[in-house]
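Note on naming: letters A, B, ... go to the chains in the order of the sequence lines (proteins, then strands), and numbering restarts at 1 for each one. FYI, side chains are in, hydrogens and waters are out, and symmetry mates aren't considered; it's all heavy atoms of this structure.
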Amino acid sequence: MTSVGDLAAYRAVLASRMRSQRTYRFNFRLDLGSSLLVGIVELAEVAVLYTSVHRIGGLDLSAVLLVFGLADLTYSIADLAVGHCDTLPTYLRAGTIDVFYLRPQPLLLQLITSDISLRRLARAGVGLAALVVGLVVNDIDWTPGHVAVLLLAVPCGIAISAAMYVWAAGAQFFLVDGAEATNAFVYGGRYAATQPASVWARPLQALFGFLFPMAFTGYLPTVAVLGLSGPAWLPAWLAWCTPLAAGWVWLLALGSWRLGVRHYQGAGG
Amino acid sequence: MRTYWRLLLAGIRRQSTYRLAALGGLVANTTFGLLKVAVLFAAVRAAGGQLRGYDVGAMSAYIWLSQGLLGSVNLNGRTDLADRIKDGSVVVDFLRPLDVHAAAITTELGRSLFNLVPRGLPTLAIGVLLVGMDVPHGVTGYALGAAALLLGLVISGATVFLVGACGFWLVETRGLQVFYLVLSGFLAGLFVPISLFPDWLRTTAALTPFPSMLMYPVDLLSGRVVGAAALGLVGQQLVWLVLTLAAGQAMTRAGRHKLEVQGG
């Protein structure tokens with residue numbers, strides 16, 4: 001059980017992290033700038049592709065803006081909050097993770113609150129801009145059902161994306177040097193989330209539609225609110241099951257994390 | 001010359017110790033490759049089988065060759081030089097009877113060449129077996145492709161050296177490195193082939209050394225560009241090779257005079 005006092009400790013740590021990032025003003029601005037550039041380049045990639053062909057996988061440029069906006073906004077927010085779980089292999093190799101084991105706080109919470117990357121706000125801004133433009137330029141029938149799908153999509157999308165980092169962190173305890181193998185799914189998942197899932201072959205639909213339910217963060221809500229049908233395995237009504245997808249991937253994440261934490265035996269020294 | 005040959009071998013050996021990392025990289029290349037096959041093939045089919053000169057076979061070759069070269073072409077902007085300038089150990093490099101610039105590029109080339117084996121070839125094999133792709137035409141096609149690849153790797157090492165060498169003046173080059181990371185991949189044609197760019201963006205890309213690192217070798221190795229046009233691309237590579245190497249020499253010389261190491 002977490003008492004109020006414990007929460008205050010986490011708050012203090014997070015506040016100090018945010019302050020420390022803003023202290024080096026020039027570097028912070030540079031970080032914000034480069035993070036913004038990353039977001040713009042990713043959007044440019046989508047724009048280049050969808051202006052050279054009008055329709056890919058049943059979506060045109062304005063529809064894919066909605067997919068990109070939802071997926072990238074939610075992923076960037078998750079990245080802001082838990083993205084630094086990526087650095088776990090560094091702690092593992094150096095043995096500094098041992099300190100985490102000694103403190104009377106849950107390991108995962110410590111790792112998550114050990115940092116917060118404010119620079120990723122800029123990237124979330126690009127996602128938000130794409131989402132707003134997507135909502136304006138598409139001909140959306142604003143029924144209560146469609147509004148509900150969108151309102152459900154944002155928090156569930158953040159939860160799904162965050163869970164991807166957590167299961168990957170759990171797997172790092174086993175892989176250490178092979179961290180790039182999980183990047184295939186974490187960052188591959190991020191890339192997949194901005195694509196129309198209708199172009200995927202069955203194995204990819206199984207992988208990024210269900211095992212790691214990235215299609216639920218952008219594609220499915222989009223086809224649902226635009227009144228499209230979606231491919232056979234990923235019909236539009238599945239957009240209503242986004243909370244289930246989030247629940248499933250968090251089960252996977254916490255399971256992986258538990259296995260990893262138990263597997264760890266210290267780096268000596 | 002023998003010293004540099006040894007440095008090349010040392011670069012290869014150093015990289016060969018990270019086997020699990022190479023396997024991880026292979027998994028990443030394959031996943032990204034399959035995702036790109038899905039979306040880019042759909043784009044080619046939506047365009048009626050031909051998208052700006054790319055059919056399915058050429059697109060497949062582009063995807064798997066570019067993914068396979070990802071371990072060899074340095075598109076992340078990170079260099080040993082940047083770290084060695086920051087902590088001052090570059091002083092030791094200057095004391096050695098070696099050209100700091102040439103030594104850094106040779107070591108980087110060793111790393112690049114080694115990575116072709118555990119990451120490049122298996123990625124290509126997976127692409128050929130799962131999807132199928134175009135290959136060069138005849139012996140000259142392969143020879144020209146191999147030459148373009150080698151040139152591309154050296155240009156990549158020479159350009160990334162320039163980012164690190166800015167550290168002589170800036171000390172902290174992380175910001176520059178991140179800008180390099182973002183722009184190089186896009187302009188090198190890693191995300192979408194630069195033939196798909198609008199005209200102004202394609203011209204912009206051609207005015208940077210980035211397409212010479214990845215796009216041009218891929219164009220030649222896939223047999224998409226042949227004859228005089230192929231020689232033209234190699235010519236552009238040679239120009240960038242000379243420019244980046246000359247800039248690196250000049251910066252190393254100037255940086256040596258500027259270098260200031262704190263502490264004792």
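- Contact count against chain B (heavy-atom pairs under 4.5 Å) is highest for A:L37 among A:N183, A:T182, A:L207, A:L37.
- In this structure, no portion of B:R45 lies under 4.5 Å from any heavy atom of chain A.
- Residues A:L49 and B:V192 share a closest heavy-atom pair of CD1-CG1, 4.1 Å.
- Minimum heavy-atom separation, A:A181 to B:V27: O-CG1, 4.1 Å.
- Atom NE2 of A:H263 has more than 12 heavy atoms from other residues, nucleotides or ligands within 6.0 Å.
- What you find for A:S34 and B:V178 is that their closest heavy atoms are CB-CG1, 3.4 Å.
- The two atoms that bring A:A184 and B:A28 nearest to each other are CB-CA, 3.3 Å, heavy atoms only.
- Considering only heavy-atom pairs separated by less than 4.5 Å from chain A, the leading option among B:T31, B:V182, B:L201, B:V44 is B:V182.
- Neither the backbone nor the side chain of A:I40 has a heavy atom closer than 4.5 Å to any heavy atom of chain B.
- With B:V39 as reference, A:I56 is the one residue of A:V46, A:T194, A:I56 to meet the side chain to side chain contact (heavy atoms under 4.5 Å, CB included) rule.
- The parts of A:E45 that come within reach of chain B are both its backbone and its side chain, each placing non-hydrogen atoms under 4.5 angstrom from that chain.
- Of the two parts of B:L23, neither the backbone nor the side chain holds a non-hydrogen atom closer than 4.5 Å to a non-hydrogen atom of chain A.
- With a threshold of 4.5 angstrom between heavy atoms, A:F208 approaches chain B through side-chain atoms but not through N, CA, C or O.
- Residue B:L181: no heavy atom, backbone or side chain, is found under 4.5 Å from chain A.
- Smallest separation of non-hydrogen atoms from A:L204 and B:A38: CD1-CB, 4.1 Å.
- The minimum heavy-atom distance between A:V199 and B:A42, with the atom names listed, is CG1-CB, 3.5 Å.
- No other option in B:F191, B:F179, B:F197 has as many heavy-atom pairs under 4.5 Å with chain A as B:F191.
- Contact annotation for B:L183: only side-chain heavy atoms (C-beta onward) come within less than 4.5 Å of a heavy atom of chain A.
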